[in-house]
Engineer: 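The following block contains the structure, expressed as structure tokens.
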Amino acid sequence: MEEKKTIFSGIQPTGCITLGNYLGALKNWVDLQNDYNCIFSVVDLHSITVRQNPAELRKRCMDFLCQYLAAGINGEDNIVFFQSHASTHAELSWILNCFTYMGELSRMTQFKDKSAKHEDNINAGLFTYPVLMAADILLYQTDLVPVGVDQKQHLELCRDIANRFNNIYGDVFTIPEGFIPKEGARIMSLQDPTSKMSKSDPNVNGFISILDDTDTIMRKFKKAVTDSEGEIAYREGKSGINNLINIYSGITGKTPDEVVAEFAGKGYGDFKMAVGEVVADELKPIREKYDDLRKNKDYLETIYKTGAERAYRISNKTLSKVKRKVGFVDRPF
Ligand code: ATP
Ligand code: LTN
């Protein structure tokens, strides 16, 4: 039998996991998990590129791990762990920094956006963030990386770094491919459908948390910004309606054309409620499972402990090879 291919992905523990993160990433992890060897990380090292309150960060990391499991990730068959528990990530990141150009990093749009948002704290970590992401991926000889479209540029850089390294030292890294969903890849804010739904949006009406209750979800969809045309159609210029169609598509698996046909002649009010309902129905079991699991500290600890041990073992194989290739003396212990 052919060996299963490997998937790696992660979400930063900032804000709360949104419907955008769910449709762009988490839901696809769940759908793909049986056909791949999967490694899913709560990427806590990445989150401190923006200043965090320590007590809140610690709690949020556990909340995120628990949400991965509640969303349907099997934490026993897959590796689920906190990034900071495998020191290999920070180590490889340093080495790869020496194979990445300032010019490449300066072109990253996420860096430009985040520096504009956090003018008072444009730190070096924010700049080299994509190198740490490349280390995450390359340490596991990853074949496929399921992410939203905003991460495409980082993935391309990861491939460039890997190819550069391989060209110098021989085949050390597998070159990964992205897995970017068709309809859920870029879910927009419900309040400003020209900008991405973001978990750090100060306006809570702009995003749906996957833990929002049904009333909150319905209220946010009712308030969703659309346009004044009154026609449910999927075309340029109708960003609010396009976004609702994409959300409905992402949840139901129907194509945008099928969604348009289903709601032909209906008003925006009815459509918003229908989208709200499919979202609420999808998220309710996740919320209930979360409430249950979050109390089970021992179980969560078993998952992230086993996850970290397995992640460290696998990633250290790649790291040791890299160290040998660049010319470091073998570690004597
Ligand atoms: P922040 O707003 O704090 O930068 P974020 O919401 O972009 O955070 P990340 O942790 O950066 O969240 O992203 C986690 C995963 O979710 C990535 O795969 C990313 O591509 C995906 N993702 C994030 N926002 C969206 C969105 N609006 N639509 C689809 N996928 C998204
Ligand atoms: N940069 C990603 C989060 C992330 C990631 C990864 C995603 C960090 N390391 C490795 C896939 C694979 C983001 O969504 N901002």
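Below, each value reflects all heavy atoms present in this structure, side chains not excepted, and no hydrogens, waters or symmetry copies. First listed ligand is number 1; within each ligand, the first listed atom is number 1.
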Engineer: Nearest non-hydrogen contact with atom 17 (C) of ligand 1 belongs to which option: Q151, K27, K196?
Structural biologist: Q151
Engineer: Can you figure out which of H46, Q110, Q12 has its heavy atom closest to atom 8 (C) of ligand 2?
Structural biologist: H46
Engineer: Against ligand 1, does G15 come closer than 4.0 Å with any heavy atom?
Structural biologist: no
Engineer: Suppose we call two aromatic rings close when their centres sit under 6.0 Å apart. Are Y68 and F40 close by that rule?
Structural biologist: no
Engineer: Any chance you could lay out the side-chain contact (heavy atoms from CB on, under 4.5 Å) test for Y234 and T255, step after step, and finish with the verdict?
Structural biologist: CA-CA 11 Å; Y234 195 64; T255 65; over 6 Å; no
Engineer: Please confirm whether the ring centroid of H89 lies under 6.0 Å from the ring centroid of Y140.
Structural biologist: yes
Engineer: Could an N or O of ligand 2 be found under 3.5 Å from any N or O of S9, whether backbone or side chain?
Structural biologist: no
Engineer: On the 0 to 90° scale, with breaks at 30° and 60°, tag the F82-H85 ring pair as parallel, tilted or perpendicular.
Structural biologist: perpendicular
Engineer: Looking only at N/O atoms, are H154 and ligand 2 under 3.5 Å apart anywhere?
Structural biologist: no
Engineer: Using the benzene-type ring in the case of Trp, are the ring centres of H46 and Y129 under 6.0 Å apart?
Structural biologist: yes
Engineer: Can you tell which part of S9 has a heavy atom less than 4.0 Å from ligand 1: side chain, backbone, both or neither?
Structural biologist: neither
Engineer: What's the shortest distance from atom 3 (C) of ligand 2 to any protein heavy atom, and which residue and atom give it?
Structural biologist: G10 O, 3.7 Å
Engineer: Mark the output for T14 as yes if a heavy-atom distance to ligand 1 is under 4.0 Å, and as no if none is.
Structural biologist: yes
Engineer: Could you check atom 9 (P) of ligand 1 against the protein and tell me its nearest heavy-atom contact, residue, atom and distance included?
Structural biologist: K199 NZ, 3.6 Å
Engineer: Between ligand 2 and D150, is the shortest N or O to N or O distance under 3.5 Å?
Structural biologist: no
Engineer: Go through the steps for N246 and S249 under the test side chain to side chain donor-acceptor pair (under 3.5 Å), then give the verdict.
Structural biologist: CA-CA 5 Å; N246 281 334; S249 284; 5.2 Å; no
Engineer: Tell me whether K321 forms a cation-pi arrangement with F173, defined as NZ or CZ under 6.0 Å from the six-membered ring centre and within 45 degrees of its axis.
Structural biologist: no
Engineer: Looking only at protein heavy atoms, identify the closest one to atom 1 (N) of ligand 2 and say how far it is in Å.
Structural biologist: Y129 OH, 2.8 Å
Engineer: One residue to check: K114. Relative to ligand 1, which of side chain, backbone, both or neither has a non-hydrogen atom less than 4.0 Å away?
Structural biologist: side chain
Engineer: Tell me whether ligand 1 is touched by D150 - counting only heavy atoms on the residue side and a distance under 4.0 Å.
Structural biologist: yes
Engineer: Nearest non-hydrogen contact with atom 13 (C) of ligand 2 belongs to which option: M133, H89, Q151, K199?
Structural biologist: Q151
Engineer: For ligand 1, which part of Q12 has a heavy atom less than 4.0 Å away: the side chain, the backbone, both, or neither?
Structural biologist: both
